[in-house]
Amino acid sequence: MHKGTFYITTPIYYPSDKLHIGHAYCTVATDTLARYKRMCGYDVLFLTGTDEHGQKIEEKARAEGVSPKRFVDEIVEGKGGIRDLWKLMNISNDRFIRTTDDYHVSAIQKIFRKLYDKGDIYKGAYKGKYCTPCESFWTESQLAAGRCPDCGREVRDAEEEAYFFRLSSYAGRVQALLETPGFLEPVSRVNEMINNFIKPGLEDLCVSRTSFTWGIPVDFDPGHVVYVWIDALSNYITALGYDNDRYGDFGKYWPAVHMVGKEIVRFHAIIWPAVLMSLALPMPKKVYGHGWLLMDGGKMSKSKGNVVDPYLLSQRYGVDSLRYFLMREFPLGSDGSFSNEALINRINADLANDYGNLLSRTVAMVLKYFGGRLPAEREADPADSELVGMAGALRGLYARDMDGFMPQSALLAVFKVISRANKYIDETTPWVLARDTAKKPRLASVMYNLLETIRIATILLQPFTPESCARAFVQTGTPERAKSWDSAAVFGALPADVSVTRGETLFPRIDLEKELRYLETLCAPAEAEALPEAAPITIDEFAKVRLTVCKVLACETVKKSEKLLKFRLDDGSGTERRIFSGIANFYKPEALIGKTVVACTNLPPRRMMGEASDGMLLSAEKDGRLDLLMLDDAVPAGAIIC
Ligand code: MSP
């Protein structure tokens, strides 16, 4: 019997670039809560997806010379793309919505028309600052020193015909909703919303654009596309089958709990409820606005030795370690500073030393003293009561924190018990008990209490580190019935004659210094390879450098290398030239095929990843930005730069 339904969502991510650790944070938090609710017996629907329309994506695709759909397909479905990342990170989403999915597109058109028919959408004029070369509208506050923030050129006042949603007429009802306890959390965000947005007065919202085309067309007014937030927010209901027949469980799962980052709380706690009010649908159950992971004093950056690629971090340190770190290090509602150092320290301290060590010591002792299987005889002692009491009460404390969206506190509670168990080993000195056969029943009790504590902690850690918990259950011989949520409230659910199995170390210790040095080489090319002051050279010395124009025949990523791309080039000689270049973080290989590039072709060949690299491609680099030197395609292969 399940306890009811629980629908939880992440924001849908912009597939304009590779996702970073901040995006992973949001998804892992949602996944942890979804897994927790499933474990408690709820019928959970967990939705994530991608927000694929809009001007930014249109422009990025143009810059790469591909259609917007091809561009997003690659980022969402391609190798190492968003879906792959969530698979790698063990994200248990039940559905994945793309706003380019047909069922969503047609549902959005119906929703837009419903709002229009109701009189909540009307036609007006969008006034703003217009940059003609960029064909972009900007608001006053988006301008950079009064100029276009993209190209720095002058902007002019302009108007564009647009549809507007009567957000203003919902201000009172939205305010009442914001003030409803539990709707928006943490509570600090409620005042933020009321003071910053409701009190100054809600303005009607522009919900269509004509200045770009990559969006869902307004079917009754060609030329207009639906403004991306109406398209995006409605994903939460179209993914359940609202106004479409792809799914049929809107009635079953709606309303949702929306997990979102703090900067988009406004859209979820003000605009989205107003749209739902207009559609006469129930309000979301909750909007939870989590904090940001900050890097380098504010923004995510690849410099200063911080690797922020969740793909790379998961592969190097293990998915569970990364998931655990994200949930343990920062309180969900507040901002936190991400650093690789903090990540490694946390893995070492909690997972390797506390939990992993408790498990491996206990299993090793049961093997050593009892051949792996505990005998039935027991001898309790008052020294057991604190640990047994703490482990028995743990589920209650944990549930209170998890239900309150405080996964960090829940983990703190679990690790308090784990530390207590490590201390219990020191207090009971099993190695001394083992010397005296008369003390075997006492030793068996100590081992049983340790295995029970590990079992309870492992059940509760499952939403955070699912794979490692499954492995811990194997090592501790935990039967299926003793892995359940119900059994986590019972100290003594393991069979008395439980038998253990030796297994691999769950969380190996990491050498911090060595690891940081390694990460530094990965992510700070500009610093690691800083150029010495350029010494003057003669024209003859310069002439020794042979710079040849080449056409890219093929370009591909290199297995086991994060940085390298492998190029096959036509250098005009009639023989294909092969060059490896460390620019994989900056380009997608497909985007470079056919380009006209420049290579230094009289360097001695070097072996890279087991193959010869015959030359060096030229790039321009500044402040972490890298551009491969490309010439006009009219320049022929084999032309010499002089
Ligand atoms: N597409 C919109 C959301 C539409 S939901 C109907 C969007 N996309 S996003 O890709 O820019 O951001 C998605 C989520 O990632 C947001 O919740 C955002 O807060 C979160 N994060 C992005 N960077 C982050 C950090 N550095 N730290 C924590 N979360 C961050 O907004």
Side-chain angles (χ1 to χ4, degrees), residues 8-31 47-57 60 72 75-76 81-82 85-86 89 91 93 95-101 104 107-108 111 189 205 207 214-216 226-240 242 256-276 284 287-302 306-310 313 322 325-327 329-339 342 407:
I8 189 161
T9 66
T10 70
I12 48 173
Y13 297 92
Y14 289 129
S16 52
D17 228 323
K18 280 188 95 175
L19 298 189
H20 56 58
I21 192 74
H23 302 113
Y25 177 64
C26 183
T27 302
V28 167
T30 314
D31 184 61
L47 173 72
T48 188
T50 41
D51 184 359
E52 307 192 352
H53 293 121
Q55 194 169 6
K56 187 164 171 204
I57 286 178
K60 283 216 147 194
V72 292
I75 295 188
V76 178
I82 295 177
L85 175 65
W86 297 153
M89 294 198 74
I91 302 302
N93 57 297
R95 281 184 201 164
F96 188 99
I97 185 168
R98 299 181 57 183
T99 54
T100 50
D101 288 339
H104 174 80
I108 292 301
I111 290 170
R189 310 243 182 258
L205 178 76
V207 290
W214 180 236
I216 298 178
V226 176
Y227 169 62
V228 76
W229 275 97
I230 294 288
D231 165 6
L233 289 162
S234 305
N235 93 87
Y236 301 129
I237 56 176
T238 63
L240 297 179
Y242 182 81
V257 169
H258 297 307
M259 178 67 78
V260 301
K262 63 177 186 180
E263 86 287 13
I264 57 172
V265 163
R266 174 166 72 99
F267 297 94
H268 287 80
I270 295 178
I271 296 173
W272 180 225
V275 171
L276 289 167
V287 175
Y288 191 91
H290 66 74
W292 279 348
L293 289 197
L294 304 175
M295 230 121 321
D296 298 343
K299 71 182 205 326
M300 296 269 177
S301 141
K302 285 210 161 197
N306 256 337
V307 170
V308 295
D309 176 357
L313 294 173
L322 183 61
F325 166 76
L326 291 173
M327 293 298 95
E329 198 69 16
F330 320 103
L332 196 56
S334 323
D335 292 349
S337 277
F338 176 87
S339 77

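Quick note: numbers below take in every heavy atom, side chains included, and nothing from hydrogens, waters or symmetry partners. Each residue takes its place number in the sequence, starting with 1. Counting starts at 1 for both ligands and their atoms, in listed order.
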If the cut-off is 4.0 Å to any non-hydrogen atom of Asp51, which atoms of ligand 1 fall inside it? 1 (N), 2 (C), 4 (C)

By number and element, which atoms of ligand 1 are closer than 4.0 Å to a non-hydrogen atom of Glu263? 16 (C), 18 (C), 19 (O)

So does Trp229 get a backbone contact from the side chain of Trp272, meaning a donor-acceptor N/O pair under 3.5 Å? no

Taking the side chain as C-beta and beyond, is there a heavy-atom pair between Tyr242 and Ile111 under 4.5 Å? yes

Please list every donor-acceptor pair under 3.5 Å in which a side-chain atom of residues 263-271 meets a protein atom from a residue at least two apart or in another chain.
residue : atom : partner : partner atom : Å
Glu263  : OE1  : Trp292  : NE1          : 3.0
His268  : ND1  : Ile264  : O            : 2.9
His268  : NE2  : Tyr236  : OH           : 2.7

Any N or O of Tyr14 that comes nearer than 3.5 Å to an N or O of ligand 1? yes

Could you tell me whether Ala232 and ligand 1 have an N or O pair separated by under 3.5 Å? no

Looking only at distance, does Asn235 have an N or O less than 3.5 Å from an N or O of ligand 1? no

Could an N or O of ligand 1 be found under 3.5 Å from any N or O of Pro11, whether backbone or side chain? no

Can you tell me if Gly291 has a non-hydrogen atom under 4.0 Å from ligand 1? yes

Can you check whether Cys26 has an N/O within less than 3.5 Å of an N/O in ligand 1? no

Sub-4.0 Å atoms of ligand 1 with respect to non-hydrogen atoms of His290: 28 (C), 29 (N)

Quick one: does Tyr236 get within less than 4.0 Å of ligand 1, heavy atoms only? yes

Please list, chain by chain and in numerical order, all residues satisfying side-chain hydrogen bond (donor to acceptor under 3.5 Å, both in side chains) with Thr99, sequence neighbours excluded. none

Sub-3.5 Å donor-acceptor pair from the side chain of His104 to the main-chain atoms of Asp231, do we have one? yes

Tyr25 and Phe325: aromatic ring centres closer than 6.0 Å? no

N or O pair under 3.5 Å between Leu233 and ligand 1: no

Under 4.0 angstrom from ligand 1, any heavy atom of Trp272? no

Atoms in ligand 1 flagged as close to His268, the criterion being non-hydrogen separation under 4.0 Å: 5 (S), 6 (C)

